[in-house]
Amino acid sequence: MRELSREESDRRAAAGEPFALRYRVPRGEGRTLRFHDGVYGAQSKEADDVEDFALLRSDGMPTYHLASCVDDADLRISHIIRGQDHLTNTFKHLLIFEALGAQLPQFAHLPLLVAPDGAKLSKRKHGPVVSVTTYRDAGFLPQAFINFLCLLGWSPKNDRDFLTLDEIRDLFTLEGVNRANAVVNFTEDDPFDAKAVWLNAEHLRALPVDELSRLLVPFFEQAGLHASQEKLLAVTPLIRERIKLLREAVPAADFFFVSELAPYDPAELIPPKKGDPKREDLAGDAALARRVLETAEQVLATTPFDHDSLDKALREAAASLGLKAGPMFQPIRVAVCGRKNAPPLFETMVVLGREVCLRRIGQAAETLERLV
RNA sequence: GGCGCUAUCGUCUAGGGGUUAGGACGUGAGAUUCUCAAUCUUAAAACCCGGGUUCGAUUCCCGGUAGCGCUACCA
């Protein structure tokens with residue numbers, strides 16, 4: 001109903017008929033709309049191919065197109081940088097800026113981030129993936145996540161991936177931005193792109209220890225563990241290489257901060273025999289583990305509690321038992337940490353302190369006694 | 001349907017008329033090691049298809065195909 005007469009239009013409006021206000025796009029004039037996009041280069045579209053778009057809804061509210069252009073014109077925005085899904089909308093915006101008599105800003109459109117199935121990322125379908133709080137709560141560093149995002153659709157072209165904010169600022173150009181959509185890799189069970197996680201680990205390790213330990217505080221608090229700043233400072237270097245996300249520090253280091261170790265499988269105290277690790281006689285090995293722990297108790301009671309002394313004393317003890325380091329250290333590690341995988345033993349024991357180590361080893365030895 | 005944008009390893013990308021098509025993540029193997037990590041070495045892995053242009057195209061051009069976007073009184 002493009003050609004309603006003025007009278008007819010006024011009459012209907014006066015009669016209370018609802019109407020939307022549209023932009024009357026010039027037709028049949030052979031006009032070509034053009035602009036230069038900072039990323040996509042020269043863009044053009046025939047005005048005849050642009051539909052008469054709404055400016056005001058029937059309730060009088062402006063549409064996005066009108067509101068954003070008026071706002072941008074009002075604020076004298078110099079650059080409009082947004083998602084590529086607005087690339088074709090830009091022709092409408094050109095018309096609005098023109099009608100406003102406003103100076104045209106620079107436009108640049110960025111490729112879209114899409115899901116592994118190619119669909120554009122949306123709040124509705126990919127809630128947690130598009131929410132920054134998801135990344136913050138998991139313990140992504142802002143600079144790491146920005147680093148990751150910048151690499152989606154842009155490259156420093158120097159074979160480097162780990163970039164600081166300053167480096168990105170120096171190297172980034174709109175012209176260097178890719179024009180194809182980029183896939184963010186995530187799955188049902190893993191919402192994080194592996195490269196984002198890797199970059200986060202890199203940035204984590206680039207942080208000074210005291211800064212990293214400060215960042216860790218809230219994660220321990222949230223887990224209900226009381227981690228003093230001082231102790232956390234000592235623990236941080238031990239877990240720094242072992243975590244990729246800040247929140248992983250809690251499961252990696254909780255045993256430093258609990259008074260009683262969570263129950264663990266006593267079988268882990270027993271070092272595996274070479275050959276068949278499962279089916280050897282447990283009792284014999286349990287006895288061996290007990291001997292290791294008892295020896296360790298004696299050694300630890302008298303050895304100065306620093307890394308080198310512990311290292312030397314425990315290795316000597318191993319030799320005297322005719323054991324290699326592996327089978328010697330496993331029972332101690334499990335007794336002290338409550339798990340098989342943990343930071344290096346001597347550093348760990350130093351942080352825990354003699355008293356705690358002896359108590360935990362004693363408990364483990366008792367457990368084994370009952371087992372045998 | 002119309003209009004627009006895009007197309008290199010699984011993913012992010014570099015490159016560009018003649019290359020062993022490079023890097024990174026991830027994956028496999030090995031080294032190191034008190035476990036786990038970290039680290040190092042190493043392997044597998046890509047130019048969408050068809051026509052041109054050219055001595056020669058993955059690269060340039062055209063077409064196709066596919067994907068995405070816009071086509072709302074959503075933003």
Side-chain angles (χ1 to χ4, degrees), chain A residues 18-22 33 37 39-41 43-68 82-92 109 111-120 122-123 148-163 176 178-186 190 193-199 201-202 204-205 238-244 248 252 268 271-272 310-311 314-315 318 323-334 336-337 339-349:
Chain A
F19 64 92
L21 185 69
R22 289 172 179 279
L33 273 8
D37 188 272
V39 170
Y40 287 87
Q43 299 294 309
S44 66
K45 187 170 183 168
E46 298 308 312
D48 288 352
D49 288 330
V50 178
E51 63 286 354
D52 289 340
F53 53 97
L55 294 171
L56 293 179
R57 303 193 195 107
S58 52
D59 64 1
M61 285 294 284
T63 61
Y64 160 77
H65 298 301
L66 210 222
S68 72
R82 57 196 353 177
Q84 190 238 48
D85 47 347
H86 282 300
L87 192 60
T88 44
N89 281 334
T90 304
F91 296 103
K92 297 169 195 164
H109 291 84
L112 263 18
L113 263 28
V114 300
D117 68 357
K120 104 170 163 176
S122 74
K123 191 122 195 156
F148 169 67
L149 251 18
C150 285
L151 258 19
L152 255 22
W154 173 79
S155 156
K157 304 191 197 306
N158 59 186
D159 279 356
R160 292 189 48 213
D161 292 275
F162 176 88
L163 299 166
N178 256 102
R179 293 186 274 266
N181 292 168
V183 174
V184 179
N185 242 331
F186 61 88
D190 186 3
D193 190 303
K195 191 147 189 179
V197 174
W198 173 78
L199 276 170
E202 293 289 304
L204 232 46
R205 290 175 204 132
L238 303 186
I239 58 170
R240 206 230 271 260
E241 313 269 277
R242 271 157 262 267
I243 61 172
K244 293 179 185 318
E248 291 170 354
E268 302 210 320
L310 289 171
D311 186 323
L314 284 173
R315 282 182 200 279
L323 286 174
K324 296 225 249 185
M328 176 72 190
F329 295 159
Q330 172 166 343
I332 306 174
R333 173 178 298 108
V334 173
V336 163
C337 304
R339 71 189 58 152
K340 274 193 287 196
N341 299 337
L345 188 55
F346 312 126
E347 288 91 327
T348 300
M349 289 196 297

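Just so we're on the same page: letters track the sequence lines, and every chain starts at 1.
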Practice task
Sequence neighbours left out, what passes side chain to side chain donor-acceptor pair (under 3.5 Å) with Asp311(A)? Give chain and number order.
Solution key: Arg315(A)
Exercise for the section: Could you list the residues that satisfy side chain to side chain donor-acceptor pair (under 3.5 Å) with Asn89(A), not counting sequence neighbours? Expected result: His86(A), Lys92(A)
Completion exercise
Side-chain atoms of Glu241(A) come closest, of C5(B), A14(B), A37(B), to A37(B)
Completion exercise
In whole angstroms, the gap separating C1' of U13(B) from CG of Leu199(A) amounts to 13 Å
Problem - U11(B) pairs with, by Watson-Crick or G-U criteria that keep both distances under 3.5 Å - result: A24(B)
Exercise for the section: Sticking with atom P, work out how far U41(B) lies from C47(B), rounded to a whole angstrom. Expected result: 27 Å
Exercise for the section: Check the distance between U71(B)'s C1' and Arg22(A)'s CZ and give it to me in whole angstrom. Expected result: 12 Å
Problem - Rounded C1' spacing from U8(B) to C48(B) in Å - result: 10 Å
Completion exercise
With sugar-phosphate taken as primed atoms, P, OP1 and OP2 and all else as base, the protein-contact string of nucleotides 19-32 of chain B at under 4.0 Å (heavy atoms; B, S, -) is ---BSBSS------
Handout entry: Same-atom distance (C1') from U11(B) to U27(B), integer angstrom
Key = 12 Å
Exercise for the section: Could you tell me whether the side chain of Val197(A) reaches within less than 4.5 Å of the side chain of Asp190(A), counting heavy atoms only? Expected result: no
Practice task
Sticking with atom P, work out how far U13(B) lies from U71(B), rounded to a whole angstrom.
Solution key: 25 Å
Exercise for the section: Ignoring backbone atoms, test whether Arg179(A) places a side-chain nitrogen or oxygen under 4.0 Å from the OP1 or OP2 oxygen of C5(B). Expected result: no
Exercise for the section: Assign Gln43(A) to base, sugar-phosphate, or nothing according to its heavy-atom contacts below 4.0 angstrom with the strands shown. Expected result: sugar-phosphate
Practice task
Return the nucleotide paired to G50(B): Watson-Crick means purine N1 to pyrimidine N3 with N6-O4 or O6-N4, wobble means G-U with N1-O2 and O6-N3, both under 3.5 Å.
Solution key: C62(B)
Exercise for the section: Using atom CD of Glu248(A) as one end and atom P of C36(B) as the other, report the distance to the nearest whole Å. Expected result: 17 Å
Problem - Whole angstrom value for the distance that separates C1' of A38(B) from CG of Leu204(A) - result: 13 Å
Practice task
Mark up nucleotides 40-46 of chain B, 5' to 3', with B wherever a protein heavy atom is under 4.0 angstrom from a base atom, S wherever such an atom reaches only the sugar-phosphate, and - elsewhere.
Solution key: -------
Completion exercise
Interatomic distance, CZ@Arg22(A) vs CG@Leu66(A), rounded to 0.5 Å, equals 12.5 Å
Handout entry: Non-hydrogen side-chain atoms of Leu204(A) and Lys244(A) separated by less than 4.5 Å
Key = no
Problem - Upstream residue (5' side of RNA chain B) when Asp49(A) and Lys157(A) are each assigned their closest nucleotide - result: Asp49(A)
Problem - Pair assignment for C68(B), Watson-Crick or G-U wobble, requiring both distances under 3.5 Å - result: G4(B)
Completion exercise
When rounded to whole Å, the CG to P distance for the pair Leu163(A) and C12(B) reads 18 Å
Practice task
Measure the spacing between CG of Leu151(A) and CZ of Arg160(A) and express it to the nearest 0.5 Å.
Solution key: 10.5 Å
Problem - Partner residues of Lys195(A) under the salt bridge (Lys or Arg N to Asp or Glu O under 4.0 Å) criterion, sequence neighbours left out - result: Asp161(A)
Problem - Counterpart residues, ring-ring contact (aromatic ring centres under 6.0 Å, His included), relative to Phe186(A) (two or more places apart) - result: His126(A)
Exercise for the section: Rounded to whole angstrom, note down the P distance from U19(B) over to A24(B). Expected result: 23 Å
Problem - Gap separating the CG atom of Leu345(A) from the CD1 atom of Ile332(A), nearest 0.5 angstrom - result: 6.0 Å
Exercise for the section: Measure the distance from CD on Glu46(A) to P on G2(B) and round it to the nearest whole Å. Expected result: 16 Å
Practice task
Using the P atoms only, state how far C36(B) lies from A43(B), rounded to an integer number of Å.
Solution key: 25 Å
Practice task
May I ask you to check whether Phe329(A) and Phe346(A) place their ring centers less than 6.0 Å from one another?
Solution key: yes
Practice task
Write down the distance separating the C1' atoms in A66(B) and A45(B), rounded off to the nearest Å.
Solution key: 22 Å
Handout entry: Whole-angstrom distance between A57(B) and G51(B), as gauged at atom C1'
Key = 13 Å
Practice task
Find the partner of C73(B): check Watson-Crick (N1-N3 plus N6-O4 or O6-N4) and G-U wobble (N1-O2, O6-N3) distances, both under 3.5 Å, and reply none if neither fits.
Solution key: none
Handout entry: Any residue meeting side-chain contact (heavy atoms from CB on, under 4.5 Å) with Gln43(A), in chain and number order, not counting sequence neighbours
Key = Phe35(A), Asp37(A), Tyr40(A), Leu87(A), Phe91(A)
Problem - Pairing residues for Trp154(A) by the ring-ring contact (aromatic ring centres under 6.0 Å, His included) criterion, not counting sequence neighbours - result: Phe172(A)
Problem - Protein-nucleotide distance (Asp52(A), atom CG; C73(B), atom P), rounded to Å - result: 11 Å
Exercise for the section: Could you list the residues that satisfy salt bridge (Lys or Arg N to Asp or Glu O under 4.0 Å) with Asp193(A), not counting sequence neighbours? Expected result: none
Atom pairs, protein N/O to nucleotides 67-70 of chain B N/O, distance under 3.5 Å:
unit_1: C68(B); atom_1: O2'; unit_2: Asn181(A); atom_2: OD1; d: 3.1
unit_1: G69(B); atom_1: O2'; unit_2: Asp85(A); atom_2: O; d: 3.2
unit_1: C70(B); atom_1: O4'; unit_2: Thr88(A); atom_2: OG1; d: 3.2

Practice task
Any strand is fair game: report the nucleotide pairing with C34(B) by Watson-Crick or G-U wobble, both distances under 3.5 Å, or none.
Solution key: none
Exercise for the section: Answer yes or no: is there a side-chain heavy-atom contact under 4.5 Å between Leu112(A) and Gln84(A)? Expected result: yes
Exercise for the section: State which residues pass ring-ring contact (aromatic ring centres under 6.0 Å, His included) with Phe162(A); sequence neighbours excluded, sorted by chain then number. Expected result: His203(A)
Practice task
Quick one: closest heavy-atom pair of Pro62(A) and Leu56(A), and the distance?
Solution key: CA-CD2, 3.7 Å
Are any protein N/O atoms closer than 3.5 Å to N/O atoms in nucleotides 33-35 of chain B? If there are, list each pair with its distance.
unit_1: C34(B); atom_1: OP1; unit_2: Arg315(A); atom_2: NH1; d: 3.4
unit_1: C34(B); atom_1: OP1; unit_2: Arg315(A); atom_2: NH2; d: 3.4
unit_1: C34(B); atom_1: O2; unit_2: Arg333(A); atom_2: NH2; d: 2.0
unit_1: C34(B); atom_1: N3; unit_2: Leu345(A); atom_2: N; d: 3.4
unit_1: U35(B); atom_1: O4'; unit_2: Arg333(A); atom_2: NH1; d: 3.4
unit_1: U35(B); atom_1: O2'; unit_2: Asn341(A); atom_2: OD1; d: 2.8
unit_1: U35(B); atom_1: O2; unit_2: Lys340(A); atom_2: O; d: 3.1
unit_1: U35(B); atom_1: O2; unit_2: Ala342(A); atom_2: N; d: 2.9
unit_1: U35(B); atom_1: O2; unit_2: Ala342(A); atom_2: O; d: 3.1
unit_1: U35(B); atom_1: N3; unit_2: Ala342(A); atom_2: O; d: 2.5
unit_1: U35(B); atom_1: O4; unit_2: Pro344(A); atom_2: N; d: 3.1

Practice task
Determine yes or no for a side-chain-to-main-chain donor-acceptor pair under 3.5 angstrom, with Ser58(A) supplying the side chain and Pro18(A) the backbone.
Solution key: no
Exercise for the section: Mind checking Ser155(A) for me? I need base, sugar-phosphate or nothing, with any heavy atom below 4.0 Å counting as a touch. Expected result: sugar-phosphate
Handout entry: Distance in angstrom units between Trp154(A) CH2 and A14(B) C1', rounded
Key = 13 Å
Exercise for the section: Using a cut-off of strictly less than 4.0 Å, decide whether Arg339(A) has a side-chain nitrogen or oxygen near OP1 or OP2 of C36(B). Expected result: no
Fill in the blank from the handout: Taking a pair to mean Watson-Crick or G-U wobble geometry with both distances below 3.5 Å, A29(B) pairs with U41(B)
Practice task
Tell me the partner of C55(B), counting only Watson-Crick (N1-N3 plus N6-O4 or O6-N4) or G-U wobble (N1-O2 and O6-N3) with both under 3.5 Å; none if nothing fits.
Solution key: G18(B)
Exercise for the section: Would you classify Gly153(A) as touching base, sugar-phosphate or nothing, given that sugar-phosphate means primed atoms plus P, OP1 and OP2, and contacts are heavy atoms under 4.0 Å? Expected result: sugar-phosphate
